[in-house]
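No experiment lies behind these values; they were computed from the predicted model shown. Just so you know, these numbers use all the heavy atoms, side chains as well, and skip hydrogens, waters and symmetry mates.
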Amino acid sequence: MVKIVGHRSLGLRPVYDLGLGQDHNFMVAPGLIAANCFNKSHSTAYAYVTYQTAYLKANYPVEYMAALLTASSDSQDKVEKYRENCQKLGIEVEPPDINRSQRDFTPLGQSILFGLSAVRNLGEGAIDMILAAREEAGGHFQSLADFCSQVDLRVVNRRAIETLILAGAFDHLQSNRNQLLQDLELVMAWVQKRTKEKETGQMNLFDLMEAPSPQADSQANEFEQAPSAPPVPDFSLQEKLKLEKEHLGFYVSEHPLKAVQKAAKLLSPISLGEIENYRARQRVSAVAIMVAVKKIITRKGTPMAFVTLEDVSGQAEGVVFPDNYERLLPALIEDQQVMIWGKIDKREERIQLMIEDIEAIEAVRMVMINLTPQQIFNNSAQQTLKNILRSSTTDNKAKGKVPVLATVTEGIQKHIIRFGENYWVEDPHQALDSLQRAGFQASARPLVASS
């Protein structure tokens, strides 16, 4: 109900209030009344907070982002989003470290140390236990066996320790994460047995034979006796990152696509995190990981698929319609790094990428042409080159997906020129054959060199 309130006797305009039964004009001083306070104070407060926030981000970016990550540590999506923002600001977010990480994200010069509160499977009790045990151990755990001996394994359980290992928290003690996982079961059993022996007052024969020594040396010798599994090779980088994603919900060491980002710029891909900035029906390309693939049957009985795509900037949804499904089915593989070509689709506040073509990133090729300065300025050579490239592409521009680059060597300097997408080719082998027969030096190279 709308009520009209105010001080007409003081010559003030009526204050129109929704839902308030009392007048909210305020006496500031004798004969001085403040009216319409709520909306003015509300907007002023928002403006002031906005100014403070902008000031902190501009002048103290590391501390500001550390606080933002800490405040969002219970949301994996937000932590990943703000970690990506840190990368754009040139701030490195270091993986968690069992000997350095605190509960919250910690600013360290121009980097931020990952906070334990954002590590999955670590509850408040486990974090408190780890920090207290580390302090009692002199601020430093010597090994996995030392860590397991210092904490209560009923509070910091095996699942929590496995997550810490896969997150890289023990990397400074032992960089081989696979070896740590293999050792964990043996070490935990060894620690539990020794704890039980100490509680019952038992000592093994080797303990009795040892000469008295300082406590630190005694502990070091004790941990050297900890069992270990047979040596195993460490996970590959891709395996490490995949396990980080599975156990943490995001990547902490680096993003799997980081290695191909620089090379992929040659293809002018979009950033999936900024997909809403592109116009509807615009043809684009993207370098992404196919995180999830959902295959369905339509009402008409035809198959299609929805895919979740992810790059360094974020995630987006892609759709493979029935007319492209059979052709693209072999490429619909989860966790595959791919190059995607398609169009932006915007409807009912939902943005999707209508996928027209997919290719594994290691299969993406580019045509390299070595040109001399004389060929660059020769009109006849230019026209011949244009004709060859145009004849290597069909009328469907979507088919011309192989980029063409030229290198021009002048003295000790080498310049790289990327041709516009109108000159990209459909069949690189046909283009190479025509270029070489016309006297041009050309070759096909992979976008990403195989390791």
Side-chain angles (χ1 to χ4, degrees), residues 72 75-85 87-88 120 238 241-242 244-252 254-258 260-261 264-265 267-364 397-399 401 421 447:
S72 307
S75 171
Q76 295 174 1
D77 291 340
K78 288 184 178 179
V79 168
E80 178 63 9
K81 175 183 176 182
Y82 295 139
R83 195 177 69 89
E84 291 161 3
N85 288 343
Q87 291 178 340
K88 293 177 182 178
R120 186 186 287 179
Q238 293 301 320
L241 296 177
K242 182 180 179 181
E244 285 179 6
K245 181 76 170 181
E246 288 177 0
H247 287 78
L248 292 174
F250 42 79
Y251 305 106
V252 290
E254 64 178 63
H255 197 280
L257 291 176
K258 184 178 180 181
V260 303
Q261 262 189 308
K265 288 181 180 179
L267 283 76
S268 300
I270 66 169
S271 296
L272 295 179
E274 301 172 356
I275 194 171
E276 70 277 0
N277 297 331
Y278 296 88
R279 67 180 184 274
R281 310 300 296 178
Q282 181 176 350
R283 182 171 278 114
V284 297
S285 62
V287 175
I289 296 176
M290 206 169 295
V291 177
V293 177
K294 182 181 179 182
K295 301 172 183 177
I296 66 169
I297 302 297
T298 67
R299 293 179 181 178
K300 295 181 179 180
T302 54
M304 63 178 292
F306 292 96
V307 298
T308 302
L309 303 169
E310 178 182 298
D311 66 5
V312 178
S313 69
Q315 289 189 348
E317 185 180 80
V319 57
V320 178
F321 287 110
D323 53 346
N324 290 320
Y325 180 84
E326 293 298 334
R327 178 172 56 86
L328 301 182
L329 180 59
L332 297 178
I333 304 172
E334 290 189 358
D335 297 322
Q336 176 99 307
Q337 295 183 16
V338 295
M339 188 81 197
I340 299 284
W341 291 267
K343 295 179 182 177
I344 301 294
D345 180 49
K346 295 183 178 182
R347 63 181 71 181
E348 298 178 357
E349 300 183 357
R350 186 177 185 180
I351 304 176
Q352 293 178 313
L353 183 58
M354 297 187 295
I355 299 173
E356 297 175 340
D357 215 340
I358 306 174
E359 194 162 6
I361 196 68
E362 61 269 15
V364 177
K397 293 181 180 179
K399 294 288 185 179
K401 62 181 184 180
E421 293 186 24
L447 177 69

Please determine whether side-chain contact (heavy atoms from CB on, under 4.5 Å) holds for the pair Leu332 and Met290, giving the CA-CA distance in whole Å, both sets of side-chain angles, and the decisive distance to 0.1 Å.
CA-CA 8 Å; Leu332 297 178; Met290 206 169 295; 4.1 Å; yes
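- From Met354, atom CE reaches atom NZ of Lys343 across 6.0 Å, with rounding to the nearest 0.5 Å.
- Atom CE in Met339 sits 13.5 Å away from atom CD in Glu362 (nearest 0.5 Å).
- Note: Lys294 NZ to Glu317 CD = 9.0 Å, rounded to the nearest 0.5 Å.
- Closest approach of Leu272 and Ala286 over heavy atoms only: CD2-CB, 4.0 Å.
- Separating the OH atom in Tyr251 from the CD atom in Glu244 is a distance of 9.0 Å, to the nearest 0.5 Å.
- Minimum heavy-atom separation, Gly318 to Ile355: CA-CD1, 4.1 Å.
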Give the C-alpha distance, both sets of side-chain angles, the deciding distance and a yes or no for side-chain contact (heavy atoms from CB on, under 4.5 Å) between Ile351 and Ile344.
CA-CA 7 Å; Ile351 304 176; Ile344 301 294; 4.3 Å; yes
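- Taking the side chain to side chain contact (heavy atoms under 4.5 Å, CB included) definition, one finds that Gln337 meets it with Gln238, Pro256, Leu257, Val260, Ile289, Ile361, sequence neighbours left out.
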Derivation and outcome, side-chain contact (heavy atoms from CB on, under 4.5 Å), residues Leu309 and Gln315
CA-CA 5 Å; Leu309 303 169; Gln315 289 189 348; over 6 Å; no
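- When the salt bridge (Lys or Arg N to Asp or Glu O under 4.0 Å) test is applied to Arg281, no partner is found at least two apart in sequence or on another chain.
- Judged as a salt bridge (Lys or Arg N to Asp or Glu O under 4.0 Å), and not counting sequence neighbours, Lys81 has no contacts.
- Proximity of Arg83 to Val252: side-chain heavy atoms (C-beta onward) are nowhere separated by under 4.5 Å.
- Between Asp335 and Val291 the shortest side-chain heavy-atom distance does not fall below 4.5 Å.
- The closest side-chain heavy-atom distance from Val293 to Phe306 is not below 4.5 Å.
- Residue Gln87 comes nearest to Val312 through the heavy atom pair OE1-CG1, 3.5 Å, listed as atom of the first residue, atom of the second, then distance.
- Here CG of Asn324 is found 12.0 Å from CG of Leu329. Values are rounded to the nearest 0.5 Å.
- A salt bridge links Asp345 with Arg347; the closest basic N to acidic carboxylate O contact falls under 4.0 Å.
- In terms of heavy-atom proximity, Gln336 sits nearest to Ala360 at NE2-CB, 3.6 Å.
- Gln76 and Arg120 form a side-chain donor-acceptor contact under 3.5 Å, judged by distance and modelled atom types alone.
- Taking all atoms of both residues into account, the shortest heavy-atom contact from Val319 to Met304 is CG2-CE, 3.4 Å.
- In plain terms, the two heavy atoms of Leu353 and Gly342 that are nearest each other are CD1-C, 4.0 Å.
- Separation of atoms CZ (Arg283) and CD1 (Ile270) is listed at 13.0 Å; rounding is to 0.5 Å.
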Could you walk me through whether Trp341 and Glu359 satisfy the side-chain contact (heavy atoms from CB on, under 4.5 Å) test, starting with their C-alpha distance in whole Å, then the side-chain angles of each, then the deciding distance to 0.1 Å, before giving a yes or no?
CA-CA 9 Å; Trp341 291 267; Glu359 194 162 6; 3.9 Å; yes
